[in-house]
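Note: hydrogens, waters and symmetry copies are ignored here, and every other heavy atom, side chains too, is used. Below, read A as the first sequence line, B as the second, and so on, with proteins coming before strands; counting in each chain starts at 1.
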Amino acid sequence: MRDLRRWLLSLSGLAAFVAVWALAVALSSTHVVPSPWRVARGLAELAVTGALFKHTIASLFRVTWGYLLGVLLGVPAGLLLGWSGRAARTFDPFIQLFRPISPLAWIPIAILWFGVGDPPAVFIIFLGSFFPITVASMNAVANVNATHINVARNFGLSSYQLVRRVLLPAVTPDLVVGMRLTLGIAWLVVVAAEMIAVNSGLGFLIIDSRNAGNRYDLVIAGMVMVGLVGLGLDVVMRRVERFDGLRWSYGAANTADAAEGARP
Amino acid sequence: MNPSRRAEAVLLPLLVAAALLLAWHWAVIHTHTRIFPSPEKVARGVRELARRGVLFPYIGASLFRVGSGFLLATLLGVPLGSVMGRYRGAATALNPLVQVLRPISPLAWIPLAIVFFGVTNLSTIFLIFLASFFPIVVSTMNAVRAIPVIYLRAAQNFGFSGLALWARVILPAILPQLLTGLRLALGVAWLVVVAAEMIAVDSGLGYLILDARNAGKRYDLVVAGMLLIGVIGLALDVAMRRVERLRWLRWGFSGR
Amino acid sequence: MSAGAPKPLGRAKVKLAVHGVSMAYPAHDKPIQVLDKIDLDVREGEFVCIVGPSGCGKSTLLNIIGGFVQGTAGEVRIDGEAVTGPDRRRIFVFQERGVLPWLTVAENIGFGLYDLPPAERRARVANYVNLVGLRGFEDAYPQELSGGMKQRVEVARALAVDPDVLYLDEPFGALDSITRLTMRSELLRIWAAEKKTILFVTHDIEESVQLADRVAVMSARPGRIQKIVDVDLPHPRDLSDPRYLAIRDSIFEEIGIAHRV
Ligand SMILES: Nc1ncnc2c1ncn2[C@@H]1O[C@H](COP(=O)(O)OP(=O)(O)OP(=O)(O)O)[C@@H](O)[C@H]1O
Ligand SMILES: [Mg+2]
């Protein structure tokens, strides 16, 4: 009974949102903004023609490659910068300068360097992932408890052992949170990049549905899909955070969690 | 930082910057590219923009959009996040909605923003609002939830409740985390304004970049615009960090 | 109190010699002098307590002796060799904060045994798990343990590598009084059995008189060694013995506080 009430309550916000939307469309008798039902029909139409699947896969493909590249280069770079004061003093100003350049501002250059199609989009997502994950890795190292490093030195660990047995386990929980928030950014970026630079993917679906015939039902259907996939990616990454090998962080997780939502 | 390190922190980046500029210059000369600009051409581009009188208006337009959208998001997001953090029922009802809307890229709203507000400042402000609102709500909610229960009990014990409790205990308690959350949200807003200006309006630094490319392949202006975006974004970040470090805000839960 | 009867330790060789150690932390205007020319000799197998008011530099001194921090002047020698950094033969027990949260109890205790063959390592770990009474918790993670249990994990981890010197910085400060008493007698038992040299920082004067062969009393900042008090009483100590009370009171007096409330 209690569970049922909770469950209803948890649906109430979404339900109210959809209801207000439907009501507003009905009352204003607009022809531009579609009602929830028309969006649902649009979603079904896209699913039947296979366009939904095709565009979703295209977006996921670009995100996967760009994000993987960003993580593969950004994590080691961030760990190095966090560990070595000199490296940080040398390169931190550049990271701070390039980081606030919207990855989308690179679109002209990406097209110039990589032509059209997937490579420029992957490059833009790489940029959108590289800087956040580098900064998150740097901060993760800075947050390592100094006592734990002292313990390692006391027991005479070699540098390699220190990294493997203390530094890496110590940064893992923060790192995984950073990777989840970065994936969120990558997803944000891919949609925008596809609106400008390519002709497939969910971002393209949205902008194309508008430009070719003002199909706003398909625009919102695309947005819903963007939201669902983004939510799915987030849920998967949270699963990873709960993974047994990372479970030690539960006690300290609050600090990292409090910054979530606010992406790096 | 001791003096030798401070010197290093200035000299080493300068050295790297010089090396990068030289490499860039050298690469442009040796590839005989006509399209990609050399550093000097970019510097001349910045001066040209200033002379044509578009530089400061464009910077102003971008900053105005970010400022209004972000301010609006803060004014609405912090109270909403506080309520959701404090009352379980509110969080249960609203969190699913927030979680579904949040991962929708703010730029995916562009077509709707144009329907609602036309090709005006309002539509970009709306996009900035969306981009910062959800992060602010979520980080406020988490910060409120992380307040040690004893603070709240102590305050209630002294007779605080409602708005007084919020102003005297909850807000000060979350302030350090909130400021960090706001700084990160401002960073996202700055990313988004550039993209929004590329698609939805005809002024601002994002528009400058796309327009410079489309109208005549002026890549010197493209790169100039990018560097300006970087410098201003950096300045915003530094300013927010200064605020975070103000002594009376700084007590923080210095957790670990 | 320095004129106690000659005791066997008096003949043991000096294990650890602190000579003229000073420390100043940089600050905004002028550096803060925290330690001022500390001299201290500790003999092999001796149990020395350092007591002093809060903030007088006890932890700083112990960290310099342990090689984690470089003093601004002076030197520390162990077996005649200058200390340049931390070493596995001398283990520092960081309250319970040094327990690594990503390792289980058994993995924490075996942390320093990386160069032993696995079978031997397991045997050694099992032995020390028993010693500190953590049987059944080998696979627990630190956040599932109480403060006292974590403290015991740290002590066991230190003992497992068989160091000759143990540094303990207020190791029992965070424990409840019952656990604290048990841990004290545990430590004395281990000390008697394994004959370690122990340097123990505390601000609890009773604790220092119960445990130590000698108590070094430090003055408020800048920390100096104000007096070294011999505690020439056999273990186990009778806490109502007039000689015990006299020594305790003399230290209270030295620090300048009445111990009666
Ligand atoms: N890293 C540091 N930077 C600047 N000052 C420091 C630093 N560490 C300690 N101090 C200062 O040095 C003094 C001695 O500190 P220390 O921790 O050694 O004292 P303590 O005797 O161990 O105190 P307690 O009994 O409270 O643990 C203190 O006044 C402290 O403010
Ligand atoms: Mg101390």
Side-chain angles (χ1 to χ4, degrees), chain A residues 6 9-14 17 32-33 85-86 89-91 93-94 96-109 112 143 145 184 187-188 191-192 195-196 202-203 206-207 210 216 219-220 222-223 226-231 233-234 252 254-255 257-264, chain B residues 5 8-9 12-13 16 35-36 89 92-94 96-97 99-101 103-112 115 134-139 142-143 146 177 180-181 184-185 187-188 190-192 194-195 198-199 206 209-210 213 219 222-223 225-226 229-234 236-237 255-256:
Chain A
R6 231 184 105 71
L9 187 62
S10 73
L11 283 182
S12 63
L14 278 170
F17 180 76
V32 183
V33 181
R86 174 164 294 164
R89 284 192 290 282
T90 310
F91 294 107
F94 299 97
Q96 300 305 333
L97 175 67
F98 281 94
R99 188 168 63 115
I101 301 181
S102 178
L104 301 164
W106 287 84
I107 284 179
I109 294 199
L112 181 67
N143 276 340
N145 188 330
W187 186 242
L188 185 153
V191 172
M195 296 177 92
I196 309 177
L202 291 169
I206 291 171
I207 207 82
R210 166 180 176 265
Y216 282 95
V219 167
I220 298 184
M223 289 169 64
V226 169
L228 289 178
V229 175
L231 193 62
L233 293 176
D234 199 72
N254 285 339
T255 37
D257 241 25
E260 80 119 310
R263 290 134 172 195
Chain B
R5 284 200 181 156
E8 211 181 85
L12 287 180
V16 174
I35 306 170
F36 201 81
T92 312
L94 295 176
L97 183 59
Q99 295 304 336
V100 171
L101 292 180
I104 300 181
S105 177
L107 300 162
W109 287 84
I110 285 180
L112 286 184
V115 169
F134 294 111
I136 290 175
V137 169
V138 173
S139 67
N142 287 332
Q177 280 184 34
T180 306
L184 300 178
V188 176
W190 188 244
L191 292 189
V192 168
V194 173
M198 295 176 95
I199 309 178
I209 289 177
L210 207 63
R213 169 179 178 269
Y219 278 93
V222 170
V223 177
M226 289 171 64
I229 290 169
V231 170
I232 296 170
L234 178 61
L236 289 178
D237 195 73
R256 318 183 192 204

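- Atom CH2 of B:Trp109 is separated from atom CD1 of A:Ile220 by 8.0 Å, given to the nearest 0.5 angstrom.
- Contact of B:Met198 with chain A is made through the side chain alone, with heavy-atom distances under 4.5 Å.
- For B:Val231, the parts lying near chain A are the backbone and the side chain together; criterion is any non-hydrogen pair under 4.5 Å.
- You'll find the side chain of B:Pro111 reaches within 4.5 Å of the side chain of A:Tyr216, heavy atoms only.
- Atom CG of B:Leu112 sits about 5.0 Å away from atom CE of A:Met223, to the nearest 0.5 Å.
- Heavy atoms closer than 4.5 Å to chain B are found nowhere in A:Leu233, neither backbone nor side chain.
- Between B:Leu191 and A:Pro100, the closest heavy-atom pair is CD2-O, 4.1 Å.
- Between A:Ala192 and B:Leu107 the shortest heavy-atom distance is CB-CD1, 2.9 Å.
- Shortest non-hydrogen contact noted between A:Gly227 and B:Pro103 is O-CG, 3.3 Å.
- Counting heavy-atom pairs closer than 4.5 Å to chain B, the top-ranked of the candidates A:Gly230, A:Ser102, A:Pro93, A:Gly13 is A:Ser102.
- Nearest heavy atoms, A:Thr90 versus B:Leu12: OG1-CD1, 3.2 Å.
- Between A:Arg99 and B:Leu234 the shortest side-chain heavy-atom distance does not fall below 4.5 Å.
- For chain B, the nearby part of A:Ile196 is the side chain; its heavy atoms alone come within less than 4.5 Å.
- A distance of 6.0 Å separates CD in A:Gln96 from CG in B:Asp237, rounded to the nearest 0.5 Å.
- For chain A, the nearby parts of B:Val16 are the backbone and the side chain; heavy atoms of each come within less than 4.5 Å.
- B:Val223 touches chain A through its side chain: at least one heavy atom from C-beta onward sits under 4.5 Å away, while N, CA, C and O do not.
- Of the listed residues (A:Ile206, A:Leu202, A:Ile101, A:Val219), the one with the most heavy-atom contacts under 4.5 Å to chain B is A:Ile101.
- With rounding to the nearest 0.5 angstrom, the CD1 atom of A:Ile107 is 7.5 Å from the CG atom of B:Leu210.
- In plain terms, the two heavy atoms of A:Ala105 and B:Ile209 that are nearest each other are CB-CD1, 3.6 Å.
- In this view, B:Ile35 and A:Leu112, B:Thr33, B:Tyr219 satisfy the side chain to side chain contact (heavy atoms under 4.5 Å, CB included) rule, not counting sequence neighbours.
- Across B:Val115, B:Leu94, B:Val100, the residue that shares the most heavy-atom pairs under 4.5 angstrom with chain A is B:Val115.
- Contacts between A:Val229 and chain B at a heavy-atom distance below 4.5 Å are absent for every atom of the residue.
- Evaluation of the side chain to side chain contact (heavy atoms under 4.5 Å, CB included) rule for B:Leu97 yields A:Leu14, A:Phe17, B:Leu101 as partners, not counting sequence neighbours.
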